[in-house]
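Quick caveat, the model's predicted, so the values are computed rather than measured.
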Amino acid sequence: MSEINWGQLGFGYVKTNCNARCEFHDGKWGEVTLTTDETIPMHIAATCLHYGQEAFEGLKVFRGVDGKARFFRIEENARRMINSAAYLKMEAPSEVLFIKACEEAVKANAEFLPPYGTGASLYVRPLLLGITAEVGVKASKDYLFVVFVTPVGPYFKNGFAPIDVVIERDHDRAAPRGTGHTKVGGNYAASINAGAAAHEKGYANELYLDAAEQKYVDEFGAANFFGIKDGKYVTPNSRTVLPSITNKSLRTLAQDLGLVVEDRPIPYEEIKTFEETGACGTAAVISPVGNIYDPKYDVTFHYDAPGKVSTQLFTMLQDIQYGRIEDKHGWTREIDI
């Protein structure tokens, strides 16, 4: 292991010792094994390559103030992969198998868990692939489950600092009755073009409206949307939005702060009424939004960023993740490394 400057880590892939793997054949999962191989031998006709039978997750392990290592809500990630797989007619690992593979991958790469106080964490990426050779559109009979890890810093380079975003009107992330509610690669492929265009124009991210009518807020390219106003935490209720585990956690913490939580459609016209807005997800945690620009009307909506409530929520969530306060909701899972 080469010396890592923990404080200068971005959000990207860093080579580690090994990854964990498990295969599904003849109706059952095999044993979890570890390998140093960073590649996957795969048939050229594998269903994941041709028909999109692929699902993945993203979660983090944090080194706490007390020296202990903790997963954050790993059970929720296991359940979300199970739901994603079910929609794609894939065979998902059980919650027990999912956790076992993640734990083995983390333990085998313990030295890559960033120390407390660096602002970095260990990102865990479980990946599920259909690997049966097919040339017709059908579900695979065989699956590969892989878990690899990599140390990461903040998703946006400035961390918990205001970002500027642009409303995306030329591309849709997911169809109204499509795969938007699942964590599958196709949803992210659909956002690459728009994301690149946003970055070229100087924006950190793009914000999508609903694909059917472009009348309601959906989500950012890689994170959920939330807004704060009048003592309320408001976030979109849409089938095309990925059910973010971070957003789910923030809704609970908002209630702890005495806010009213509204999970509902957010009309475009309401964007200008929020006091604070933010992007939230495993990678970003919370990125407060300073400005949202709409090219259709050449108008920019300005927000208090980072606002008081967003700052409180970010601090509360990080305090739980790093073990600085009591985890009264039972969200963390200690791992002995």
Side-chain angles (χ1 to χ4, degrees), residues 7-12 58 60 118-121 123 152-169 173 191 194-209 217-236 241-242 244-247 249-251 253-254 257 259 261-262 266 268-322:
Q8 295 300 313
L9 275 174
F11 196 92
K60 288 179 177 178
T118 61
S121 56
Y123 186 75
V152 296
Y155 186 77
F156 295 111
K157 63 181 179 180
N158 294 323
F160 186 69
I163 61 171
D164 291 341
V165 302
V166 61
I167 292 180
E168 175 54 52
R169 291 185 175 275
R173 181 179 178 275
S191 69
H199 293 156
E200 288 172 4
K201 296 173 183 174
Y203 297 99
N205 211 336
E206 74 279 12
L207 176 62
Y208 293 89
L209 302 179
V217 175
D218 248 18
E219 65 178 332
F220 295 99
N224 274 194
F225 173 95
F226 72 87
I228 306 295
K229 70 172 185 177
D230 304 327
K232 299 176 181 177
Y233 178 100
V234 187
T235 193
V241 170
L242 180 72
S244 162
I245 295 165
T246 302
N247 196 352
S249 305
L250 293 176
R251 292 200 292 268
L253 295 179
L257 287 175
L259 275 68
V261 172
E262 293 184 349
I266 300 177
Y268 167 83
E269 293 75 17
E270 192 174 359
I271 293 176
K272 64 178 179 290
T273 70
F274 289 111
E275 301 153 17
E276 306 173 34
T277 62
C280 62
T282 297
V285 186
I286 291 179
S287 292
V289 174
N291 299 288
I292 297 178
Y293 175 65
D294 187 347
K296 180 177 181 180
Y297 301 109
D298 191 24
V299 61
T300 300
F301 305 107
H302 305 281
Y303 306 96
D304 182 15
K308 177 183 177 181
V309 175
S310 296
T311 301
Q312 287 178 308
L313 291 172
F314 177 79
T315 301
M316 291 170 70
L317 188 61
Q318 290 269 276
D319 283 349
I320 292 171
Q321 291 171 332
Y322 285 107

Less than 4.5 Å apart, any side-chain heavy atom of [X] and any of [Y]?
| X | Y | answer |
| --- | --- | --- |
| L313 | L317 | no |
| I292 | V165 | yes |
| Y123 | T282 | yes |
| Y293 | V299 | no |
| N291 | Y203 | no |

Hey, what do you get for [atom1] ([X]) to [atom2] ([Y]), rounding to the nearest 0.5 Å?
| X | Y | atom1 | atom2 | value |
| --- | --- | --- | --- | --- |
| I320 | T315 | CD1 | OG1 | 11.5 Å |
| M316 | S249 | CE | OG | 11.0 Å |
| N205 | D164 | CG | CG | 11.5 Å |
| L250 | F226 | CG | CZ | 6.5 Å |
| K229 | Y303 | NZ | OH | 10.5 Å |
| I228 | T235 | CD1 | OG1 | 9.5 Å |

Using modelled atom types and a 3.5 Å cut-off, is there a donor and acceptor pairing between side-chain atoms of [X] and backbone atoms of [Y]?
| X | Y | answer |
| --- | --- | --- |
| E275 | D230 | yes |
| E276 | S310 | yes |
| H302 | G290 | no |
| N247 | C280 | no |
| T273 | E270 | yes |

inquiry  = I want to know whether F301 and F274 have ring centres closer than 6.0 Å.
reply    =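 For F301 and F274, the ring centres are not under 6.0 Å apart.
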request  = May I have all residue pairs that pass salt bridge (Lys or Arg N to Asp or Glu O under 4.0 Å) and include part of residues 305-321, sequence neighbours excluded?
outcome  =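 Those involving residues 305-321 are D319-R324.
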request  = If a pair satisfies salt bridge (Lys or Arg N to Asp or Glu O under 4.0 Å) and one of its residues is in residues 288-297, list it, with sequence neighbours excluded.
outcome  =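 Sorted pair list: R169-D294.
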Minimum heavy-atom distance between [X] and [Y], given as atom pair plus value:
| X | Y | value |
| --- | --- | --- |
| E206 | S191 | OE2-O, 3.5 Å |
| L209 | V217 | CD2-CA, 4.0 Å |
| R173 | G221 | NE-O, 3.9 Å |
| A254 | V261 | CB-CG2, 4.0 Å |
| I167 | P295 | O-CD, 3.5 Å |
| T246 | V285 | CG2-O, 3.6 Å |

request  = Before giving the answer on side-chain contact (heavy atoms from CB on, under 4.5 Å), spell out for L257 and Q312 the whole-Å C-alpha distance, their side-chain angles and the decisive distance to 0.1 Å.
outcome  = CA-CA 9 Å; L257 287 175; Q312 287 178 308; 4.0 Å; yes
key: For D304, salt bridge (Lys or Arg N to Asp or Glu O under 4.0 Å) partners two or more places apart   =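 Here no residue qualifies.
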request  = Just say parallel, tilted or perpendicular for the rings of Y297 and Y268, cut-offs at 30° and 60°.
outcome  =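 Y297 and Y268: tilted rings.
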